[in-house]
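Take a look at the structure set out below.
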Amino acid sequence: MEEPVNMEEPVNMEPKNLKDIFDNVFTEIHQVRESVTPSLTPKEVGRILTVSTGIANVSGLPTVGFDELIKFPGDLFGIAFNVDEKEIGTVLLGEYSHLHAGDQVERTRRVMDVAVGEELLGRVIDPLGRPLDNRGPIVSNKRLPIERPSPAIMDRSPVTVPLQTGIKVIDALIPIGRGQRELILGDRQTGKTAIAIDTILNQRNFNVLCIYCAIGQRASAVARAVANLRERGAMDYTVVVVTEGNDPSGLIYIAPYAATSIAEYFMEAGRDVLIVYDDLTNHARAYRELSLLLRRPPGREAYPGDIFYIHSRLLERSTHLLKEVGGGSLTALPIIETEAQNISAYIPTNLISITDGQIYLSPSLFELGVLPAVDVGKSVSRVGGKAQLAAYRAVAGDLKLAYSQFEELEAFTRFGARLDENTRKLIEHGRRIRALLKQPQNSTVPVPDQIVILVALNAKLFDNVPLDKMGEAESSLRKAVPDIPEDVRYRFKGDKELSDKDRETILNVARKALEPYQPKSESESKPEVKTEEKLESETKTKGKFEPEAKTEEKVAKSETQTMGKPEPETRTDEKTELGTRTEEKLSKSEARTKSKSEPENKEKP
């Protein structure tokens with residue numbers, strides 16, 4: 001136990017050598033003071049002249065550069081857009097309601113940049129790199145400017161490796177290669193975002209990183225897309241950059257550039273990257289709004305004159321690099337919304353000329369339930385078969401030709417026109433093609449399944465399957481794909497086309513899988529009916545010769561009767577011609593009767 005303290009004894013609280021302690025402290029303070037040399041750092045500051053919707057005019061920054069960041073009060077930044085002699089027009093990158101005329105601003109001497117790196121995978125951020133998914137701050141040790149020059153021509157490699165979307169109609173008829181720029185356009189609510197999301201979902205097994213950039217989209221639509229990606233495990237290899245419709249126009253404007261810089265980091269590291277811009281129509285409108293507020297002269301449809309340039313410099317950054325530079329690729333899928341199917345409007349034609357092809361979604365096909373509603377006639381891939389597996393090339397050409405013929409001939413059936421047998425077969429074959437190219441959302445099809453379906457379709461194995469059972473027949477065929485030998489399935493992804501032996505192996509498996517859906521009884525009974533009909537027609541035609549002879553005799557008798565009657569004196573030329581014709585027929589009939597009567601006379605004694 002502790003001994004009790006005697007409270008009566010005085011306690012000495014004064015420390016020993018107090019003077020020494022103070023001397024040491026003052027000595028250290030003196031040394032620190034002597035080591036610090038004050039330095040003057042000049043700051044270039046200015047004042048806000050006016051604040052408008054998403055922009056601010058600033059004065060007092062004479063050496064500011066174009067696209068330089070300017071710091072405003074409240075940790076708000078802006079980009080110098082108009083650099084005039086007396087004032088600078090800046091685009092604000094955030095909430096600006098607290099700004100007032102006369103507030104102080106200062107230069108940052110740097111351009112707008114964004115955090116990049118592996119830490120961004122699986123995150124939802126805004127164009128400034130701030131997290132929006134409530135999963136804590138993003139720690140990254142590298143940043144890249146949002147505006148970067150595109151790779152040099154000599155650093156680019158040809159596009160030869162396919163980017164599989166998992167969508168049958170695209171992979172077969174409108175192939176996309178890694179490093180390509182393929183435009184997706186169509187009216188609103190026709191499934192443009194669904195194609196892009198399905199393409200992202202299909203990249204899980206292909207080691208392709210994905211960037212989804214939502215530009216001015218509704219918050220509910222973005223939340224639904226992110227939930228879809230997270231539910232199917234696609235967020236593990238995806239970065240989502242989001243600007244909502246109520247965000248300032250400046251944030252909407254820089255969103256695709258920031259997303260492209262994030263993608264370029266992975267491309268330069270030798271990775272394959274897919275980026276989706278959803279959609280550039282909102283981007284063009286945001287830039288038009290900023291330009292008009294900054295008093296830039298408007299052009300066609302009130303867009304500024306450099307609207308083409310802002311999209312071309314964005315999409316030119318997508319390419320396939322040489323192996324010496326890293327060998328990575330950046331594939332771009334920009335989305336554009338058309339109005340009333342007008343693909344010849346200003347922004348759609350700009351992007352059609354910039355990109356390497358387009359996928360057009362037709363509202364009429366969408367209303368008919370043909371999903372995805374891809375109009376094959378108006379869609380094209382300018383890279384084409386070079387970015388397609390060899391197994392696809394063997395069947396894609398015939399398939400596209402048959403489908404285009406069907407679309408032309410289908411119009412005749414709407415008018416109730418009578419069609420011959422070949423035309424009817426073409427139409428029935430085309431209907432099977434359209435039925436097999438249908439595909440539900442979020443259900444991508446692997447490469448082996450697609451090739452087996454297309455080979456069977458080209459061989460017209462589905463032509464006898466009823467249309468209402470096409471879905472069941474397709475699922476039955478897909479279940480039979482594992483029955484194909486493994487070496488044949490391995491050659492699906494090779495550089496050589498399928499041999500005749502491989503094709504026959506696939507067709508044998510397909511025939512066995514589709515056998516329950518073939519109408520055997522009808523196909524066997526049809527030839528019998530045709531032969532019976534032919535026999536009946538032949539007997540009828542044979543029986544027709546006898547009545548014709550009788551009619552000739554009747555004509556001869558009537559002509560002899562008429563010849564015996566007196567003719568009128570006045571006869572026209574037509575009657576003389578008729579008379580000569582009847583005389584010729586009469587002589588022919590008399591000759592026939594004489595030839596018949598001569599053997600009868602010889603038989604009589």
* Could you walk me through whether N228 and R224 pass the side chain to side chain donor-acceptor pair (under 3.5 Å) check? -> CA-CA 6 Å; N228 191 5; R224 185 165 57 249; over 6 Å; no
* Trace of the side chain to side chain donor-acceptor pair (under 3.5 Å) decision for T165 with D171 -> CA-CA 7 Å; T165 64; D171 290 341; 2.9 Å; yes
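Taking a 6.0 Å sphere around CZ of R218, one finds it holds 12 or fewer heavy atoms contributed by other residues, nucleotides or ligands. With a 6.0 Å radius and a threshold of 12 heavy atoms from other residues, nucleotides or ligands, L401 has its CG atom above the threshold. For CG of D500, the number of neighbouring non-hydrogen atoms (other residues, nucleotides, ligands) closer than 6.0 Å is 12 at most. More than 12 heavy atoms of other residues, nucleotides or ligands shown are found within 6.0 angstrom of CG on D487.
A 4.5 Å side-chain heavy-atom check between V240 and M235 finds at least one atom pair inside the cut-off.
Inspection of the S381 and Q388 side chains reveals no N or O donor paired with an N or O acceptor under 3.5 Å.
Evaluation of the salt bridge (Lys or Arg N to Asp or Glu O under 4.0 Å) test over residues 375-394, restricted to residues two or more places apart or in two chains, returns none.
Ring to ring, Y257 and H283 are close: their centroids are under 6.0 angstrom apart.
Salt bridge R313/E316: absent, no basic N to carboxylate O contact under 4.0 Å. K192 and D279 are not joined by a salt bridge, as no carboxylate oxygen comes within less than 4.0 angstrom of a charged side-chain nitrogen. Ion pairing between E421 and R424 holds under the 4.0 Å rule for side-chain N and carboxylate O. For R511 and E515, the salt-bridge test fails: no basic side-chain N is under 4.0 Å from an acidic carboxylate O. A salt bridge is absent between K438 and E474; no separation between the charged side-chain nitrogens and carboxylate oxygens falls under 4.0 Å.
The residue from D278, T238, T193 that alone fulfils the side chain to side chain donor-acceptor pair (under 3.5 Å) condition with Y212 is D278.
One distance of note links CD1 of I252 with CD1 of I215; it measures 9.0 Å at 0.5 Å rounding.
For R148, the side-chain contact (heavy atoms from CB on, under 4.5 Å) partners two or more places apart in sequence, or in a different chain, are L144, P145, S261, E264, E268, R317. In this view, R271 and E118 satisfy the salt bridge (Lys or Arg N to Asp or Glu O under 4.0 Å) rule, not counting sequence neighbours.
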